[in-house]
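Quick note: numbers below take in every heavy atom, side chains included, and nothing from hydrogens, waters or symmetry partners. Naming convention: chains lettered A, B, ... in sequence-line order (proteins, then strands); numbering from 1 in each chain.
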2 protein chains.
Amino acid sequence: MAALKRRRTPPFPGRGHDHARCVDVALGEATRLCARDGQRLTPLRRRVLELVWGSHQPVGAYAILDRLKQDGRAAAPPTVYRALDFLLARGLIHRIASLNAFVGCARPDGSHPAQFLICRRCGTAAEIDDPRLAAAIGRSATESGFAVDAPIVELRGLCAGCRRPAAG
Amino acid sequence: MAALKRRRTPPFPGRGHDHARCVDVALGEATRLCARDGQRLTPLRRRVLELVWGSHQPVGAYAILDRLKQDGRAAAPPTVYRALDFLLARGLIHRIASLNAFVGCARPDGSHPAQFLICRRCGTAAEIDDPRLAAAIGRSATESGFAVDAPIVELRGLCAGCRRPAAG
DNA sequence: CGTCGGGTGTTATACTATAACATATTCTGT
DNA sequence: ACAGAATATGTTATAGTATAACACCCGACG
């Protein structure tokens, strides 16, 4: 009875979660999906994906660019934007419009609309893919005769961890 | 039985609607609200609001800037951004994060979360303030222990007018 | 070999937004 | 009307985000 509904992954990663594992899983999934679809996950694209997955806080294109330069790689804005465009097209990352930043996709099994909870304190962007919310969006739009292609839902506020007093 | 639910305003303005009236109403409301709240709707702010209301398509800050220059007024980016910040704070306009652009608020009676339908063909951004959608958002967030301050909902797609073949 | 296409490198530039400080305007109390 | 305070605007410079255009490389395929 712990959970009435199951989630495949909890929306907010725990503070002490094993993030290296997040990255490993994401890179493994990306490799698998690209192979399946005949797409090339080149070293550059793989590295950019890894950098986007550096944390659960969305990262800007120019921050990625700086890291690439630290790698010793020749890099300019188009380098990173092209890699980001590829990853976006494959559904491996999402763009957070309200932050001009990018975050790894928690469920990269095909492209899909996503909804984000973005904490204004810790900066974490948690992906929720709530079918009821998606349905409510579809209903609202349909009533206006509008056909939604790309719903952008970015809910800014405070996550559970940051709402608690900073105690232990 | 034409309408089971009433809307104060239809989300998408008709093609041939009297837009001058939209602008007049918006400016009148803005004047009233600012007077009520002891805020100063200066000529600059009023002009910027008028320019934002130039159409139902969100307008960029630098487009506004160009128009101000055409007016013969000294203008630089801060001029327009400050006016926009004022109008945003009073709830007289909204910012569309996914377009980096601004649009007049259809119901400027106090600040409020808004949801937009943005047509990718005609560019129109229609404000819908659907309480059921807002409730669905609140439910989704609450289940994750998340407290939403500022929901951003920008639904991109095709409006009813643009879905029809371009005939008549 | 040759060429074709995709990926990356390179240079330049466009677009969006804010910091910091100077000046002007309006409001308030006297 | 005036001084002083608060608000609004002007001005200069710069930070941050994104794309256009063209050159080069390299592997696949005939």
Side-chain angles (χ1 to χ4, degrees), chain A residues 30-31 34-35 37-52 57-90 92-103 123 125 152 154, chain B residues 30-31 34-35 37-52 57-90 92-103 123 125 152 154:
Chain A
T31 302
C34 288
D37 299 341
Q39 297 291 325
R40 293 165 57 187
L41 188 64
T42 62
L44 173 64
R45 291 167 174 174
R46 184 182 178 85
R47 178 62 175 145
V48 169
L49 179 58
E50 187 181 12
L51 291 172
V52 170
Q57 295 156 17
V59 57
Y62 281 71
I64 294 170
L65 181 57
D66 288 345
R67 298 296 304 274
L68 289 179
K69 286 177 181 167
Q70 288 174 21
D71 289 353
R73 177 190 286 274
T79 305
V80 56
Y81 279 103
R82 284 189 291 227
L84 290 170
D85 286 346
F86 172 85
L87 298 170
L88 285 169
R90 310 308 320 160
L92 299 171
I93 62 174
H94 291 288
R95 181 169 190 275
I96 308 296
S98 60
L99 298 175
N100 294 325
F102 303 84
V103 72
I152 294 172
E154 300 173 9
Chain B
T31 303
C34 287
D37 300 341
Q39 298 291 325
R40 293 164 58 185
L41 188 64
T42 62
L44 173 64
R45 291 167 174 173
R46 185 182 178 86
R47 178 62 176 144
V48 170
L49 179 59
E50 187 181 13
L51 290 171
V52 170
Q57 295 155 16
V59 57
Y62 281 70
I64 294 170
L65 181 56
D66 288 344
R67 300 295 306 272
L68 289 178
K69 286 176 180 167
Q70 286 173 23
D71 289 353
R73 176 189 286 274
T79 305
V80 57
Y81 279 103
R82 283 189 290 229
L84 290 171
D85 286 345
F86 172 86
L87 298 170
L88 285 169
R90 310 307 323 161
L92 298 171
I93 63 175
H94 291 287
R95 182 170 189 276
I96 308 294
S98 59
L99 299 176
N100 293 325
F102 303 83
V103 71
I152 294 172
E154 298 172 10

J.: What is the separation between atom OH on B:Tyr62 and atom P on D:dA18, rounded to the nearest whole Å?
T.: 15 Å
J.: Round to the nearest Å and state the distance from B:Asp71 atom CG to D:dT9 atom C1'.
T.: 15 Å
J.: So, using salt bridge (charged side-chain N to carboxylate O under 4.0 Å, His left out) as the criterion, who are the partners of A:Arg46 when residues are at least two apart?
T.: none
J.: Hey, could you give me the CG/OH distance between A:Leu68 and A:Tyr62, rounded to the nearest 0.5 Å?
T.: 12.5 Å
J.: Between protein and nucleotides 25-30 of chain D, map the contacts as a letter string: B base, S sugar-phosphate only, - none, heavy atoms under 4.0 Å, written 5' to 3'.
T.: ------
J.: Determine to 10° how strongly the helix from C:dC1-D:dG30 to C:dT30-D:dA1 is bent, judged from the axes of its five-pair ends.
T.: 30°
J.: Indicate the atoms forming the closest heavy-atom contact of A:Leu88 with A:Ile93, along with that distance.
T.: CD2-O, 3.5 Å
J.: Shortest non-hydrogen contact from B:Ala75 to B:Leu65?
T.: CB-CD1, 3.5 Å
J.: Do A:Leu84 and A:Arg95 touch side chain to side chain, with heavy atoms closer than 4.5 Å?
T.: no
J.: Of A:Phe102 and B:Thr42, whose closest DNA chain D nucleotide lies nearer the 5' terminus?
T.: B:Thr42
J.: Tell me: CG of A:Leu84 to C1' of D:dT19, nearest whole Å?
T.: 13 Å
J.: Among residues two or more places apart or on two chains, list those pairs meeting salt bridge (Lys or Arg N to Asp or Glu O under 4.0 Å) that have a residue in residues 71-88 of chain B.
T.: B:Arg47-B:Asp71
J.: Anything under 4.0 Å to a heavy atom of chain B counts; send over the first and last such nucleotide of DNA chain C, read 5' to 3'.
T.: C:dT16 to C:dT26
J.: I need the CG-P distance between B:Leu87 and D:dA8, as an integer number of Å.
T.: 12 Å
J.: So does A:Asn100 get a side-chain nitrogen or oxygen closer than 4.0 Å to the phosphate oxygens (OP1/OP2) of D:dG16?
T.: no
J.: How close or far is atom P of D:dT9 from atom CG of B:Leu44, stated in whole angstroms?
T.: 5 Å
J.: Can you tell if the side chain of A:Thr79 reaches within under 4.5 Å of the side chain of A:Val48, non-hydrogen atoms only?
T.: no
J.: The criterion is side chain to side chain donor-acceptor pair (under 3.5 Å); which residues satisfy it with A:Ser98, sequence neighbours excluded?
T.: A:Glu154
J.: Output the rounded distance in Å from CG (A:Asp85) to C1' (D:dT19).
T.: 10 Å
J.: Figure out the CG/P separation between B:Leu65 and D:dG10, and round it to whole Å.
T.: 11 Å
J.: Are any of the side-chain heavy atoms of B:Arg40 and B:Phe86 separated by less than 4.5 Å?
T.: no
J.: Not counting sequence neighbours, which residues clear side chain to side chain contact (heavy atoms under 4.5 Å, CB included) with B:Ala63? List them please.
T.: B:Val59
J.: With a 4.5 Å cut-off on side-chain heavy atoms, are B:Val80 and B:Leu51 touching?
T.: no
J.: Heavy atoms within less than 4.0 Å of DNA chain D: which residues of residues 74-83 of chain B have one? Give them sorted by number.
T.: B:Ala74, B:Ala76, B:Pro78, B:Thr79, B:Arg82
J.: Given side chains that start at C-beta, do those of A:Leu92 and A:Cys34 come closer than 4.5 Å, heavy atoms only?
T.: yes
J.: Measure the spacing between NZ of B:Lys69 and CG of B:Asp66 and express it to the nearest 0.5 Å.
T.: 6.0 Å
J.: Quick one: list whatever passes side chain to side chain donor-acceptor pair (under 3.5 Å) with B:Arg90, sequence neighbours left out.
T.: B:Asp37
J.: What is the separation between atom CD1 on A:Ile64 and atom C1' on D:dG16, rounded to the nearest whole Å?
T.: 14 Å
